Q: 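Dumping the structure here so I can ask a few things about it.
Chain letters run A, B, ... following the sequence lines, proteins first, then strands; residues in each count from 1. The model shown is predicted, which means the values in this text are computed figures rather than measured ones.
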2 protein chains.
Amino acid sequence: MAKSLYSGEYHTLLAVDCIIFGFDGKDMKLLLIKRGFEPAIDKWSLMGGFLRENETLDQAAHRILHQLTGLKGVYLEQFQAFSDLKRDPEERTVSVAYMALIDIHSYEKQISDQYHAEWFLLSKKPRLIFDHNRMVKLALRALRYKAALHPILFELLPAKFTVPQLQTLYESVYDTRFDKRNFTRKLMSTRLFIKLKGKDKSNSKKGAFYYKLDRRKYKLKQEAFLNFVPKAEKFL
Amino acid sequence: MAKSLYSGEYHTLLAVDCIIFGFDGKDMKLLLIKRGFEPAIDKWSLMGGFLRENETLDQAAHRILHQLTGLKGVYLEQFQAFSDLKRDPEERTVSVAYMALIDIHSYEKQISDQYHAEWFLLSKKPRLIFDHNRMVKLALRALRYKAALHPILFELLPAKFTVPQLQTLYESVYDTRFDKRNFTRKLMSTRLFIKLKGKDKSNSKKGAFYYKLDRRKYKLKQEAFLNFVPKAEKFL
């Protein structure tokens, strides 16, 4: 290759870090690994690695996540670049963070014992290396922002679900309790759900009706501004 | 410096590109420069340059914008990283785009003839180099998203303004016409404005009342989800 006109310019290491939130039907969790190389070997970390010459950032994020956890086919979204000069003590490294929210049960076979990835309750996550704690904090904020407006959480529910299950999902994402009556009314007003005939009686005699997602409306409303969460700014 | 443990890893050029939208009281515009170096010298471009060893991406964005246009003190927000392999034909370069929306009149003294920056009507912008057209398109989408929810546009208005001026501002950002009565009702329902006694009679005999921003409420509502724009997803 001919010498580039840019060859005098500074070249930097560029890393990708993957922030994977998961929901297991009850709790929000965060996927972490023990870092396998120096510096900070054996410390808890997001799934990270370096961009290569022949791949885009999106491709690097998928490759790195797969190499370190076995996860494939996850919808990863670019989140933010972090560029503090000393964020990696070894050498100046700019990192582009990616994030995803997945149904833990759908992917549990992929994350096998072959890998050393573990799910942590968000409230009980260990201290992470470098600026990864800050990345997680900002990514959670971004997730709450998006979930307050758009129907992005419903993919995490089983095909048939009850209103209490729906409420548990939102309460775990926002780490709060929502008023039951207001929450139900707000959700139902979106008309995204179809009431089924059967009831789940496992938690009460009266039982809770099953619902399913109205897939057609759900597709139409993916981008709509729906305001699922009252005063969502409180949770950011 | 000791040899880094990472030294075998690929190092890349990292650029910053600044997307500056402006409002002049009537139209939305985009600030562009003629690129000063090869490749693509003398072609219209966003304000771009390379990250240096001793600066963060935020610092690089401010430095580059100032060097190329004279602009200082603009609130630049990190937008998105672009990493297609061939986006710069000279050498593989990852670019982190930044964006801002400014009041053109407040900054017109800074952008002096010493620089070669020019404002273009969004509808009449020239073809830009590399993937800059795509960057602008996605940034405009992000701006419309944010302005639909949060009171970020009011900084662009004079201290005293009329409802027609407010409507012009929103119509220029969304490149559309809003129904006058619905738009007014929606905006007034946010209670962010204080009606003044005087009227602007320059456009009609009846005149239009002047308003000012309720600064206290405005500060409180900066993060609130307000839905200023009906069916905002249409404009994304």
Q: Using non-hydrogen atoms and a limit below 4.5 Å, what part of residues 163-178 of chain A faces chain B?
A: none
Q: To the nearest 0.5 Å, tell me how far B/Gln78 CD sits from A/Gln80 CD.
A: 5.0 Å
Q: Does A/Tyr6 reach the side chain of B/Thr93, with side-chain heavy atoms less than 4.5 Å apart?
A: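 Yes - at least one pair of side-chain heavy atoms lies under 4.5 Å apart.
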Q: Using non-hydrogen atoms and a 4.5 Å limit, figure out which bit of A/Arg52 sits close to chain B: side chain, backbone, both or neither.
A: backbone
Q: Kindly say whether the aromatic ring centers of A/Tyr145 and B/His150 come within a distance under 6.0 Å.
A: yes
Q: Name the member of B/Arg87, B/Arg92, B/Glu38, B/Glu55 that forms the most heavy-atom pairs with chain A at distances under 4.5 Å.
A: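 Sorted descending by pairs with chain A, the first entry is B/Arg92.
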Q: At a heavy-atom separation under 4.5 Å, does A/Ala148 approach chain B through its side chain, its backbone, both, or neither?
A: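 Answer is side chain: those atoms of A/Ala148 sit under 4.5 Å from chain B.
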Q: What residues of residues 183-190 of chain B sit under 4.5 Å from chain A when you count only heavy atoms?
A: none
Q: Say whether, by atom type as modelled, one donor and one acceptor occur between the side chain of A/Glu91 and the main chain of B/Leu5 under 3.5 angstrom.
A: no
Q: Side chain, backbone, both or neither: which part of A/Leu51 has a non-hydrogen atom closer than 4.5 Å to chain B?
A: both
Q: What part of A/Glu223 lies closer than 4.5 angstrom to a heavy atom of chain B: side chain, backbone, both or neither?
A: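 Both backbone and side chain.
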Q: B/Phe82 versus A/Leu57: any side-chain heavy-atom pair under 4.5 Å?
A: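 Not in contact.
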Q: In terms of heavy-atom proximity below 4.5 Å to chain B, should A/Gln59 be classed as side chain, backbone, both, or neither?
A: neither
Q: Which members of residues 8-18 of chain A, sorted by number, sit under 4.5 angstrom from chain B on a heavy-atom basis?
A: A/Glu9, A/Tyr10, A/His11, A/Thr12, A/Leu13, A/Leu14
Q: Report, by ascending residue number, the residues of residues 125-142 of chain A in heavy-atom contact with chain B at a distance under 4.5 Å; give 'none' if the set is empty.
A: A/Phe130, A/Arg141
Q: Using side-chain heavy atoms (C-beta onward) and a distance below 4.5 Å, is B/Phe225 in contact with A/Leu149?
A: yes
